[in-house]
Amino acid sequence: DDTMEVLLNCERSGEKSSQAEAVLPDRNLIKPNYYCKARQFGMDYSKLLNIEILPNDNFSWKILAAVFNETGRTSEALDANQTAVALSPQDAKAHSNLVITLQDLGRLNDAEASYTRAIALKPDYAEAINNLGNTLRALGRIDEAVANFARAIALKPDFAEAYVNLGIVIKNVKFNSSNLVTFVHT
């Protein structure tokens with residue numbers, strides 16, 4: 001589900017914005033540039049999404065959560081992400097999106113649990129595996145972080161971000177011989 005990857009190209013203070021755009025052929029409720037216009041005029045974007053008409057539409061809740069995250073409305077983003085997960089508990093991307101908000105709230109243990117659920121649903125989800133590595137690194141669980149970066153690289157050999165994250169860990173952490181050997185053999 002790459003719906004959250006679609007980018008909105010609108011002008012805002014002379015700079016390009018890269019927010020989730022809802023200009024998708026089957027999603028006509030969300031019109032081009034509504035997000036930018038809403039921010040520009042301080043409008044409540046949830047009204048533009050017409051969320052009351054689509055209370056059971058996972059996609060609308062994911063978009064709304066992304067907008068709330070971007071605009072610093074973290075508690076509302078959390079509610080919207082949790083609704084998206086509740087509506088589609090088998091949607092790995094919804095669980096992964098929830099993590100962004102949980103991390104913003106400093107709830108790293110909950111973020112780890114959400115990434116773990118996303119990966120259980122989609123075991124080849126290299127991006128979530130890499131991001132779980134970052135969460136584990138933030139929790140001080142370096143060996144597990146290294147294992148996740150290595151797994152992400154194994155799944156997606158051209159995944160530059162996972163290589164960078166692995167390099168950061170190797171550069172900043174003194175490895176003992178056992179965890180270095182474990183990494184080399186993964």
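Residues take their numbers from the sequence shown, with the count starting at 1. Worth saying up front: this structure is predicted, and the values here are computed from it rather than measured.
- Between the CG atom of D79 and the CG atom of L64 there is a distance of 10.0 Å, given to the nearest 0.5 Å.
- Residue K62 is tested with N81, N97, D91 for a side chain to side chain donor-acceptor pair (under 3.5 Å); the sole match is D91.
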Between E127 and K93, does a side chain to side chain contact (heavy atoms under 4.5 Å, CB included) hold up when you go through it step by step? CA-CA 10 Å; E127 291 79 5; K93 185 70 174 175; over 6 Å; no
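- In this structure, the salt bridge (charged side-chain N to carboxylate O under 4.0 Å, His left out) partners of R141, at least two apart in sequence or on a different chain, are E112, E144.
- Its side chain within the 4.5 Å cluster rule, V164 clusters with I168 among the Ile, Leu, Val, Met, Phe, Trp and Tyr residues.
- Interatomic distance, N148 CG to D143 CG, rounded to the nearest 0.5 Å: 11.5 Å.
- Annotation: side chain to side chain donor-acceptor pair (under 3.5 Å) contacts of S88 (sequence neighbours excluded): N58.
- Counting only heavy atoms from C-beta outward, the side chains of T74 and F68 never approach each other to under 4.5 Å.
- Think of L121 as one node in a network of Ile, Leu, Val, Met, Phe, Trp and Tyr side chains linked at under 4.5 Å; it has no links at all.
- Here Q103 pairs with V99, L108, A111, Y115, T135 under the side chain to side chain contact (heavy atoms under 4.5 Å, CB included) rule; sequence neighbours left out.
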Verdict with reasoning, D124 to K156, per salt bridge (Lys or Arg N to Asp or Glu O under 4.0 Å): CA-CA 9 Å; D124 63 342; K156 193 174 174 181; over 6 Å; no
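- A heavy-atom distance below 4.5 Å is found between the side chains of V169 and F149.
- Judged by distance alone, with hydrogens and angles left aside, the side-chain atoms of S96 form no donor-acceptor pair with the main-chain N or O of A92 at under 3.5 Å.
- To the nearest 0.5 Å, the span separating OG on S114 from CG on N131 amounts to 12.5 Å.
- In this structure, CD1 in I119 is found 4.5 Å from CG in L132, a value given to the nearest 0.5 Å.
- Stacking of K122 on the aromatic ring of Y125 is recorded, both the 6.0 Å distance cut-off and the 45° axial limit being met.
- In this structure, the side chain to side chain contact (heavy atoms under 4.5 Å, CB included) partners of V85, at least two apart in sequence or on a different chain, are A94, H95, L98.
- Taken from CG in L78 to CG in D110, the straight-line distance is 9.0 Å, to the nearest 0.5 Å.
- Under the side chain to side chain donor-acceptor pair (under 3.5 Å) criterion, R137 pairs with N134, sequence neighbours left out.
- Judged as a side chain to side chain contact (heavy atoms under 4.5 Å, CB included), and not counting sequence neighbours, the contacts of A162 are N130, A152, I153, F159.
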